[in-house]
Number of protein chains: 2
Amino acid sequence: MSKRTEKTIVDIAEELSLSVSTVSRALNDNPNISARTKERVKKMARKLGYRPNTMAAGLRNNKSKTIGLVVPRISMFFPATISTVIQNKLQEHGYNLLICQSNDSYEQEIALADTLYSARVDALAVSTTLYTTDFSHFDVFNDNNIPLVFFDRVPKDYGVKVIKGDDYLGGFTVTQHLIEKGCKDIVHISGPLTCNLYVERVAGYKSALRKYKIPFNKSRIFYHELTRENAWQTCEKIFAQKPYPDGIFAANDTTAITILEYCRKINLRVPEDIKVTGYSNDPRAEIITPSITSVDQCPAMMGERVAAALLALLQQPKSTPKKYSEEIIPIKLITRASTEGPDVVLKKQGKGKG
Amino acid sequence: MSKRTEKTIVDIAEELSLSVSTVSRALNDNPNISARTKERVKKMARKLGYRPNTMAAGLRNNKSKTIGLVVPRISMFFPATISTVIQNKLQEHGYNLLICQSNDSYEQEIALADTLYSARVDALAVSTTLYTTDFSHFDVFNDNNIPLVFFDRVPKDYGVKVIKGDDYLGGFTVTQHLIEKGCKDIVHISGPLTCNLYVERVAGYKSALRKYKIPFNKSRIFYHELTRENAWQTCEKIFAQKPYPDGIFAANDTTAITILEYCRKINLRVPEDIKVTGYSNDPRAEIITPSITSVDQCPAMMGERVAAALLALLQQPKSTPKKYSEEIIPIKLITRASTEGPDVVLKKQGKGKG
DNA sequence: AAGAAATATGCAAACGTTTGCATTTAAAAT
DNA sequence: ATTTTAAATGCAAACGTTTGCATATTTCTT
């Protein structure tokens with residue numbers, strides 16, 4: 001009694017004494033079906049409660065109208081914002097999004113690539129784990145001409161469309177800012193160098209030091225996953241002996257926040273005694289006291305671009321020779337109390353764009 | 001040259017001079033295929049680079065191994081956390097998740113229900129828009145015995161499995177807390193009453209007032225979407241005339257944060273002059289100064305329960321008579337500086353569970 | 001050594017669409 | 001009225017699996 005209610009175009013055809021092909025074409029607004037027939041078919045479809053079956057169509061057409069998205073974590077601010085934008089944009093264009101998270105596990109990422117291929121997604125967008133350096137699990141998409149776009153955390157030397165932030169410039173700008181605010185001994189807390197983001201931010205950091213003739217001290221950089229726990233431990237190391245640094249460039253905001261807490265604990269004033277910067281412009285950076293200078297990576301813009309790139313690639317015929325362009329999303333330094341000086345009275349901002 | 005590389009079980013069968021049925025069974029570890037044959041088939045599958053086609057299998061089996069998830073917004077803290085948990089849990093069980101956002105638009109929600117049905121999702125989990133009061137767009141799932149679970153924002157009187165927070169108790173507890181801290185004139189900023197969450201929180205609020213014999217003043221409740229902009233405007237109304245309230249129960253943390261900013265602007269001290277509470281225990285609530293008393297809704301637990309409910313429903317045969325149980329997820333009052341007294345020196349918390 | 005039982009494999013239909021090609025019907029041109 | 005052209009519809013195969021049933025092969029009984 002349950003399964004017998006599932007209506008198909010065959011039922012519509014029978015009901016109207018038409019062929020299934022006519023019904024199919026009518027539903028798809030094929031131009032050589034008469035207006036009258038289209039009307040009748042659509043009306044009957046409604047009457048019978050007909051629901052198209054995407055899988056059947058997909059099988060026949062070899063397209064699923066579904067796009068895969070692989071990110072490390074969907075609840076982190078930056079990928080969450082990007083995912084939101086991508087999802088909305090693709091939804092507008094009739095695509096569904098299979099959103100998956102690798103949880104920064106290389107093995108999970110491989111498994112996901114596999115199942116998403118099996119689902120025959122029409123395209124795939126991915127931001128890799130921190131530890132992905134071999135990208136061969138994505139070969140199958142390339143080999144079969146399935147649009148493949150990497151963003152934010154992207155491969156090195158893997159022929160593919162890439163959309164990334166300007167992490168070199170971000171690292172440079174934020175370091176330069178610290179220097180201009182008077183810092184002479186700047187610690188950098190970085191993520192692991194297996195990830196392009198951190199390689200570039202470190203490069204930017206070094207480059208700024210060089211520009212201002214500040215000697216680079218290798219032991220002033222710490223590398224680890226940027227969690228709260230790790231950040232706390234690193235603080236313990238940093239402040240185990242003097243001289244204390246007068247600036248810390250943290251490669252994410254969670255780390256910067258943790259540093260602030262640690263400084264409060266050891267009665268170090270920010271920004272008077274030490275200046276601190278984060279990265280990503282997490283909403284918390286604006287709200288904490290002192291508010292944290294950070295780097296806005298324009299996640300919404302990145303999301304837009306990723307979606308646009310996917311749609312563009314989906315448009316063009318499979319045979320189009322690929323060119324692997326790289327798009328760079330700009331960054332914006334957001335200066336706040338953690339580097340600017342004593343915390344000023346917050347200006348009213350409630351009426352803003354939020 | 002591109003399409004010709006897509007291998008199917010037919011290719012495997014030919015290569016080994018076996019029938020497709022045997023190959024299919026071998027790949028699915030059907031018990032009456034010999035171990036030797038299974039070996040040969042799997043080896044050949046690997047050799048040919050065979051990739052199963054989920055759509056074909058899905059069409060045949062009438063199951064897609066895909067589950068739909070509809071939430072208002074995937075980037076908001078609460079649904080994001082829930083989505084994360086659900087996605088990970090279902091992934092473990094071999095299901096893909098189609099995550100969609102309604103953007104709190106009723107029309108979009110209807111469209112999503114439609115396309116998710118067309119995708120023949122094996123189950124659907126949804127948290128509705130603020131304005132959904134008619135749920136008939138989900139009838140098709142019920143009618144076809146497709147597991148359907150609502151969570152957080154759930155229907156009223158719509159026969160279906162429901163998993164929700166204890167919003168009545170949340171409203172009651174937080175109001176009681178304000179009263180116990182000495183508040184006698186408590187404003188409540190609520191979301192629209194089309195959504196069950198706010199109906200219940202308001203009920204809890206009233207109930208607490210009653211218990212402590214505090215007269216209820218209808219004009220002390222404000223109803224609107226809980227955005228920053230709206231909150232600011234409401235603050236302007238509230239503080240346009242004296243007497244000021246001595247406590248505000250905001251139905252989300254964004255609103256509470258905005259209130260804090262407004263109070264700072266008009267030089268009202270929190271919690272000395274006025275106490276403020278939020279809802280949801282957004283990460284920002286902990287980090288702002290003063291930190292904000294809020295209600296932890298245990299999103300991870302809710303996610304776990306939703307996933308478990310989906311899996312349980314998927315397990316049982318389609319014919320099982322449905323019973324529409326309602327699960328209530330507990331809430332936890334997290335008291336912080338915004339109600340507790342002058343901001344104390346933050347105790348070290350870096351080493352904690354984060 | 002023969003039949004019975006168990007194990008392994010094959011055949012063919014089915015899932016719900018779409019689409020190239022063939023055919024019918026209607027409209028236009030002579 | 002007859003031929004030519006255009007418009008509308010139908011036939012049947014195909015997409016890649018799975019599965020009930022039938023058949024072939026092996027193993028066990030006696």
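Both backbone and side-chain heavy atoms feed into the values below; hydrogens, waters and symmetry mates do not. Model, not experiment: these values are computed from the prediction. Chain letters run A, B, ... following the sequence lines, proteins first, then strands; residues in each count from 1.
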- Query: What are the two closest heavy atoms between Ala80(A) and Ser75(A), and how far apart are they?
  - Reply: CB-C, 4.4 Å

- When every non-hydrogen atom of Ser83(B) is compared with those of Leu69(B), the smallest separation belongs to OG-CD2, 3.7 Å

Regarding [X], tell me which of base, sugar-phosphate or nothing describes its non-hydrogen contacts under 4.0 Å with the strands shown.
X	answer
Arg120(A)	nothing
Ser17(B)	sugar-phosphate
Arg36(B)	nothing

Using whole Å, report how far [atom1] of [X] lies from [atom2] of [N].
X	N	atom1	atom2	value
Asn30(B)	dT17(D)	CG	C1'	14 Å
Lys63(B)	dT17(D)	NZ	C1'	14 Å
Ile12(B)	dG16(D)	CD1	P	13 Å
Leu16(A)	dA8(D)	CG	P	17 Å
Tyr50(B)	dG16(D)	OH	P	10 Å
Glu6(A)	dA14(C)	CD	P	18 Å
Asp122(A)	dC15(D)	CG	P	18 Å
Lys38(B)	dT9(C)	NZ	C1'	13 Å

Charged N to carboxylate O under 4.0 angstrom, [X] versus [Y]?
X	Y	value
Glu327(A)	Lys161(A)	yes
Asp11(A)	Lys47(A)	no
Lys65(B)	Asp122(B)	no
Glu6(A)	Arg120(B)	yes

- Using the side chain to side chain contact (heavy atoms under 4.5 Å, CB included) rule, take Lys164(A) and Leu197(A) through it: C-alpha gap first, then chi angles, then the decisive distance, then the call. CA-CA 9 Å; Lys164(A) 57 196 285 296; Leu197(A) 301 177; over 6 Å; no

- Report the residue from Asp104(B), Asn103(B), Thr128(B) that forms a side-chain contact (heavy atoms from CB on, under 4.5 Å) with Glu109(B). Thr128(B)

- Phe150(A) and Val70(A): CA distance, side-chain angles, deciding distance, side chain to side chain contact (heavy atoms under 4.5 Å, CB included) verdict: CA-CA 9 Å; Phe150(A) 284 83; Val70(A) 179; over 6 Å; no

- Any Thr8(B) side-chain nitrogen or oxygen under 4.0 Å from OP1 or OP2 of dG16(D): no

- Task: Describe, as an angle rounded to 10 degrees, how the axis at the first end of the helix from dA1(C)-dT30(D) to dA29(C)-dT2(D) is tilted relative to the axis at the last end, five pairs per end.
- Result: 40°

Could you list all N or O pairs between the protein and nucleotides 4-7 of chain D that sit under 3.5 Å apart?
none

- Query: Crowded around Lys38(A) NZ? As in, over 12 foreign heavy atoms under 6.0 Å?
  - Reply: yes

- Item | Enclosure of Gln316(B) CD (heavy-atom neighbours >12, cutoff 6.0 Å) | yes

Anything under 3.5 Å between a protein N or O and an N or O of nucleotides 19-21 of chain D, put it in a table, one pair a line.
| from | atom 1 | to | atom 2 | distance (Å) |
| --- | --- | --- | --- | --- |
| dT19(D) | O4' | Arg60(B) | NH2 | 3.2 |
| dG20(D) | O6 | Arg25(B) | NH2 | 2.9 |

- Hey, which sits more toward the 5' end of DNA chain C by its nearest nucleotide, Ala56(B) or Ala35(B)? Ala35(B)

- By nearest-heavy-atom nucleotide on DNA chain C, the more 5' of Ser19(B) and Met55(A) is Ser19(B)

- Once you round to the nearest 0.5 Å, how far does OG of Ser118(A) lie from OH of Tyr50(B)? 7.5 Å

